[in-house]
Each structure stands twice: as structure tokens, then as C-alpha cells.
Amino acid sequence: MCGIIGVTGARDACARLVAGLELLEYRGYDSAGVAVCDRVSGDLFRARVAEHGGSVERLSGRVADAPEDPGAAIGHTRWATHGRPTEENAHPHLDCTGRIALVHNGIIENHRELAAGLDGRGHKRTSQTDSEVLVHLVEESAAAGASLTESVRRCLSVVRGDFAIAVVSAAEPEVIVAARRTSPLIVGVAASVGIVASDVAAALATTRELYALGEDEVATVRPGTVEVAALDGSRVSPRRVEVSWSVQRALKGGYPDFMSKEIHEQPQAVRDTLLGRVDASGRTEIEELAIPDEELASVERVQLLACGSSYHAALAARQAVERWARLPAEADVASEFRHRSAVVGPRTLAVAVSQSGETVDSLHAMREASRAGARVVALTNVVDSVMAREADGIMYTRAGPEIGVASTKSHLAQLALLDLLALHLGRVRGAISGEELAEAAGALLSLHEAVETAVGRGDAYRAVAERFAHVEDVYFLGRRSGLPVAYEGALKLKELAYVRAEAYPAGEMKHGPISLVEPGVLVVVVATRTTLWEKVMANVEEMRARGATVLAVADDGDEETERLVDAVLPVPHVAEACSAVVNVVPLQFLAYTVARARGNDVDRPRNLAKVVTVE
Ligand code: M6R
């Protein structure tokens, strides 16, 4: 998590840092800070603020005191891992001389050992972070006469863990040294400006000439130039980043918050994601997949890996792969996968699902699957993300930048694209008839219209949701296609409204959790018309008999369901196989409404960050 931005060669460097930090705030918002080299005095200016959700705004007032003739400048927005979210733990961190400043994203695993050595050599550390050791290590080499670039290289050679860093020194006031391992970082140039950023959105206002740093590469960024080298100092040609969207797509565009904007972009996200990849006859084509059909046809099992909402998409995909491709499929939480003795081999297709393409748990799980011999596909929303670069094949959702911490449009796009992958596998394996293929393709192609209808009912969903704004204890139930939707609905309510919500297979309640059901409990159930509808409604009866209030996601015009529950969230009927894409929409509005009614910041819920780059 954590956002990094650096600019050199611009008179308005501080304004650019603040604008970049505003765009990066979604990565973490516990505190923020900047460090700016003063080209006139030769000093280093630093300002830091720790205020949940308001740090960047307050920081923009503090940079009024920054040097008028700035040289290299770096900024950071933090999601606390080591050390509480206080000003002293905010980045940039300074060395003992106050002339070198460093920002870091990631975790330094051997920081205790390094800190003990530094303390023994007389360094004065002022924070509880793992990051601070880095700047003192750089200081030691710089004091011995090494350049900033060489000092960073030496520092990183003794570090274990994940990092993206940017470092400036008053001794070389126009230089930013940037480096990465696992955590992403890009560098770029424009005329006489150089830039460093942890993601493309923050750099776009300055330039579209951007380069992705590779593992263990160190960049020396000067006004208008970038040099990249490996840790041993050998020169490397940086790889250009393809930028397919404009900075406007990462702005709120008139909506009160990013979450509303992104919910409204869902029909387009679904349509764009499927565009050109499937036609009405069922011909499927996934251009970046880069794994030949013959090889896909020989796959014996599919292993899906993901976290959070992406994991819920993976759960839905498991059903789609079994249904259409007739292949055994498993979906694992990425952070667990690498620690169990999963049986994965050359005939396994591992699909790592991640909006950001950076989630470190998913990245490690993907690497683990690859080590075990699986062919690995990254299904991600971020072009050129770390996972996209490391995988054998790529599938991009085309949802555009997602800034709200809660996944919405990227989740729907994942569901649609995973359905398409399942169909594609079914087609190349000959596991699905032409008729079934055309039927499924037709359902996929019209999905965006159903999503549009559902999104267009936002006000009606909100009106229903307001009746439940006071809830404290909620179960989300579903069966088969409804279960991943229930999981996602519960996650949304938890993360945004801070309400205890648990998702369960509806038929499993009677094996234990039903003992918790009593008057005052809200049960949200996915009760659209599938072949399991009667069983779902029998489970609903069990809940109502114990006093629960029941809110159902139900098909339009389904009066019978309406009579059997306390309230409904109606959705347009679509084929069950792709129904998760539509059925999750009212649950997004439910979470949004309850969160807003409680005064919560839906874009920046407490304790969370959009991109989770720590284990
Ligand atoms: O970028 P990823 O899809 O890998 O992120 C995974 C989760 O961190 C993410 O889905 C998280 O659960 C969201 N906040 C859910 O809304």
C-alpha cells in the first residue's frame, strides 16, 4: 500500500506532489509527507501530517513554506504497518544529518537486525517504522563518499523484504533515486522534468513517457533524464509503460464520491471487458492470453487465486469452469494457498485474479503456482502491473481506474471476464455444445444492459436500504450462484458500514449459526429464480421462524418471493450462470447507503487501503 510520488526539475514541484498525493491517497491515508531539496540554500525541507483521511489536504497548506526554488522533491501517503499512524512515523524519514530523505512502500523483513546494527553504530532513529533503517543505511555509504545512487544500491543489497523507495539528498539536489522489489514503481520524463510514482494515475499529469522499473532495479532520475541499472550497477533498458487511459478517468467527475462514480461506470466496465472477445455465435478470443488453444485443451484443472472481492469473483468462476469447461476447479484465498501443500502441476492452469495486479498475497501465490509448474494467468485491471508482467498469460478487465477502496466495477468486470474464460476453456476443450455456447455468449453479451437497469435503480435501492441503516447483526445467505454474491454483499457492508456481517451457504445455517438468529437480526438472501429457489425459500422460512427480518434480492415481478420476505431488492432476470454480475449491484447500494447514513467515508473506510502490498 502507501503511495509514492517524486518530481525533479519543476518550479511547481510541491503543487505536483500534492496533486499526485491526492490521486494516490486511495493507497493509504493514515498520514502524508513531503521532502524538498532547496536549490538556493542547499537545505532539505520536510513537512508531515498525520490525520486519518485529511492528511494530504492539510499537507497542501504546509507546503506553502517549502523552498521557492525546489530541486528534487518526494512525497508519500501512508498505510501504517510498523508503527502507529503518527507524525513521527509518517514518511519521508530523514537520516541523522537531516540531509537525506526517503519514502518507502512495502515491508523490510530484517529491519530489527538492521536497526540493532545501526543503533550500535550510533544512529539516532526517531520512528517505530521498519522503513527508517533504509535512510540510515544510505547515510552510511554517503558519508563514506558514495553517490546517492551507489549508496542506495549498497543499502538494498543488505535488505530482505519488499520495497519501492524514492530517496533525495541535499548533496545532489536535482536527483531522485528510486528502486523496487515486488512493490511497483514507475519512472518517467518530460522535457526538463523527471518523475517517480507508485502508479500511473499520479504521473499522467506530468508525462505519458513512463517506464516500469523491474525487480531490484535502481533508477537515477534527473530533470529530463532517467538511467536504470541493476543492483550490481549494470545498465538496464527500462520498459515503456502503455498508458491506455487519461487522467480524467481517475477524477470524480461530478459524483459525490468515487464509489458512486464507479458503481455508475459498471455497465460500461462490463461491456468494455467483453468487447471483441466473444460474439453471438460463441466464438471467444482472449488476445493477451498468449497460451495456445492446444495447450489450454490439455489443462486438467484450474486453480483460482485471489483475495477479498477478487476471491469472491474466483468463487463464482469455479462454478463457471465446472459448468462450461467440465474441469475440476478450486478457488483459494491467496494468503492461504502458498502455505498449504496444494497439488499443482504442469497441467494446472492457475488464474490469479487481482484488480490492482499488485496484491502481494496474490502475487506470492501466483509465483508459488508457477514454481510448482502451473501455467499462470494474471487477470487484472491494471495494465503492466507486477502480476501482469510476471504471468505467462494476461487477461485484462477494462474497468478503467478504480479509486474507491471498495471494489465495485472491477469486481463486475472480473466476474464477466472469468465467465468468458470458462466459456473459452469449454470451447477449446470441446466440452460445451455449439448451442449451449451460443446461449451462454448471448447471456454474456446482454449482461451490461441488465447491469445498467440495476444501476439505474439506485434511488429505489437506497430507499429500501435506509430502512436498515440501524442494523448491527446481519447474515448474507445464498446457494450456488447466490453464494459468492452473499460473500461479496457481506464484505461490502463490513468494510464500508463497519457492521458485523457474515455470509453463509443458506443450507448450512441449520448446522450451527442458526442459534444466533433472533429478532433484530437481518438476513439478506439472494433469492432469484433458479432451480434452487424452493430450497432457498425453505431456508428463509427457518430464519423468519426465529424472528429474523429478511431482505431478498429477487427477480423483477416475483410476487411470491415478495410475499415471503419483509422487503425486496428487485433485479432484472438473467441466466443463472452469469447472474452474480447483476445480483451484486443492489448489495453495493445497500452497503453504500448504510455507510453514508452512519457518516462513514465510503471511499476511504477506516483501517483499509486500496492496494494491499504487505503480507
Ligand atoms: O487488487 P486486488 O483485487 O488484488 O485486491 C484484493 C482485495 O484487497 C480487495 O478486493 C478488497 O477486498 C476490496 N477492498 C474489497 O472491496
Side-chain angles (χ1 to χ4, degrees), residues 1-3 26-29 79 182-184 198-199 201 257-259 262-263 266 269 273 304-317 331-337 351-367 377-388 390-391 394-397 399-415 417-418 476 484-485 487-499 501 503 584-585 587-592 595 600-615:
M1 11 267 249
C2 301
Y26 74 100
R27 300 177 72 96
Y29 31 80
W79 185 85
T182 303
S183 306
S198 45
D199 68 34
D257 41 64
F258 281 110
M259 186 175 175
E262 289 157 5
I263 284 177
Q266 294 187 123
T273 294
L304 296 133
L305 304 163
C307 305
S309 295
S310 298
Y311 171 64
H312 302 150
L315 285 175
D332 270 67
V333 167
S335 54
E336 287 295 314
F337 174 80
V351 184
V353 186
S354 171
Q355 186 284 131
S356 59
E358 273 182 55
T359 301
V360 93
D361 287 323
S362 304
L363 177 61
H364 284 312
M366 190 179 100
R367 286 177 177 166
V377 172
L379 190 147
T380 177
N381 193 39
V382 179
V383 173
D384 246 340
S385 50
V386 183
M387 286 167 68
E390 292 193 14
I394 312 169
M395 294 178 69
Y396 285 123
T397 46
E402 188 175 72
I403 310 294
V405 162
S407 305
T408 52
K409 61 176 180 170
S410 70
H411 178 65
L412 263 63
Q414 288 171 344
L415 288 165
L417 190 52
L418 285 162
F476 283 76
V485 177
Y487 283 127
E488 179 62 6
L491 177 62
K492 286 283 154 293
L493 195 65
K494 280 185 269 210
E495 72 177 329
L496 297 172
Y498 319 148
V499 169
V584 84
V585 173
L587 302 186
Q588 297 170 340
F589 279 102
L590 174 68
Y592 178 93
N600 299 353
D601 179 343
V602 291
D603 285 341
R604 294 177 295 191
R606 70 183 182 200
N607 302 340
L608 293 175
K610 179 74 179 161
V611 187
V612 185
T613 53
V614 292
E615 277 189 72

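Ligands are counted one by one from 1 in listed order, and the atoms in each one are counted from 1 as well.
Interface of Ser310 with ligand 1, defined as ligand atoms under 4.0 Å from a residue heavy atom, comprises 2 (P), 3 (O), 10 (O). Within ligand 1, the atoms closer than 4.0 Å to a non-hydrogen atom of Gly308 are 10 (O), 12 (O), numbered from 1 in the order shown. Residue Gln355 approaches ligand 1 through these ligand atoms, each under 4.0 Å from one of its heavy atoms: 1 (O), 2 (P), 3 (O), 4 (O). Those atoms of ligand 1 that come under 4.0 Å of a heavy atom in Lys492, given as number and element, are 15 (C), 16 (O).
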| field | CA sep, side-chain torsions, deciding dist, call: Glu390, Arg367, salt bridge (Lys or Arg N to Asp or Glu O under 4.0 Å) | value | CA-CA 8 Å; Glu390 292 193 14; Arg367 286 177 177 166; 2.7 Å; yes
| request: Evaluate the side chain to side chain contact (heavy atoms under 4.5 Å, CB included) criterion for residues Asp199 and Val382: first the C-alpha distance (whole Å), next the side-chain angles of each, then the deciding distance (0.1 Å), finally the verdict. | output: CA-CA 10 Å; Asp199 68 34; Val382 179; over 6 Å; no
| query | Does the pair Gln588 and Thr408 meet the rule for a side-chain hydrogen bond (donor to acceptor under 3.5 Å, both in side chains), with working shown? | reply | CA-CA 7 Å; Gln588 297 170 340; Thr408 52; 5.2 Å; no
| task | May I have the step-by-step check of side chain to side chain contact (heavy atoms under 4.5 Å, CB included) for Ser354 and Gln414, ending in yes or no? | result | CA-CA 9 Å; Ser354 171; Gln414 288 171 344; 5.8 Å; no
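With hydrogens left out, the protein atom closest to atom 1 (O) of ligand 1 is Ser356 OG, 2.7 Å, a heavy atom. The nearest protein atom to atom 7 (C) of ligand 1, hydrogens excluded, is given as Cys307 O, 3.7 Å; this is a heavy-atom distance. Given atom 4 (O) of ligand 1, the protein heavy atom at minimum distance is Thr359 OG1, 2.4 Å. The protein non-hydrogen atom at the shortest distance from atom 8 (O) of ligand 1 is Val612 CG2, 3.9 Å. Closest protein heavy atom to atom 13 (C) of ligand 1: Ser407 OG, 3.6 Å.
With a 4.0 Å cut-off on non-hydrogen atoms, Glu495 touches ligand 1 through its side chain and not its backbone.
Looking at Ser385 and Glu358, their side chains never bring a donor and an acceptor atom within 3.5 Å of each other.
Annotation: Val405 places an N or O atom under 3.5 Å from an N or O atom of ligand 1; distance criterion only. Residue-to-ligand polar distances keep Gln414 apart from ligand 1: every N/O pair is separated by 3.5 Å or more. Geometrically, ligand 1 and Ser362 share no nitrogen or oxygen pair separated by less than 3.5 Å.
Put simply, the side chain of Asn381 never gets that close to the backbone of Pro401: no donor and acceptor are under 3.5 Å apart. Counting only distance, with no hydrogens or angles, the side chain of Thr380 and the backbone of Gln355 share a donor-acceptor pair below 3.5 Å. Remark: the backbone N or O of Lys409 is paired with a side-chain donor or acceptor of Glu402 at under 3.5 angstrom. When atom types are taken as modelled, the side chain of Asp257 and the backbone of Asp603 share no donor-acceptor pair closer than 3.5 angstrom. No side-chain donor-acceptor contact under 3.5 Å links Lys492 to the backbone of Ala497.
Ligand 1 is never approached by Glu358 to a heavy-atom distance shorter than 4.0 Å.
For atom 15 (C) of ligand 1, the candidate residues are Ala609, Ala591, Ser309; the nearest heavy-atom contact is made by Ser309.
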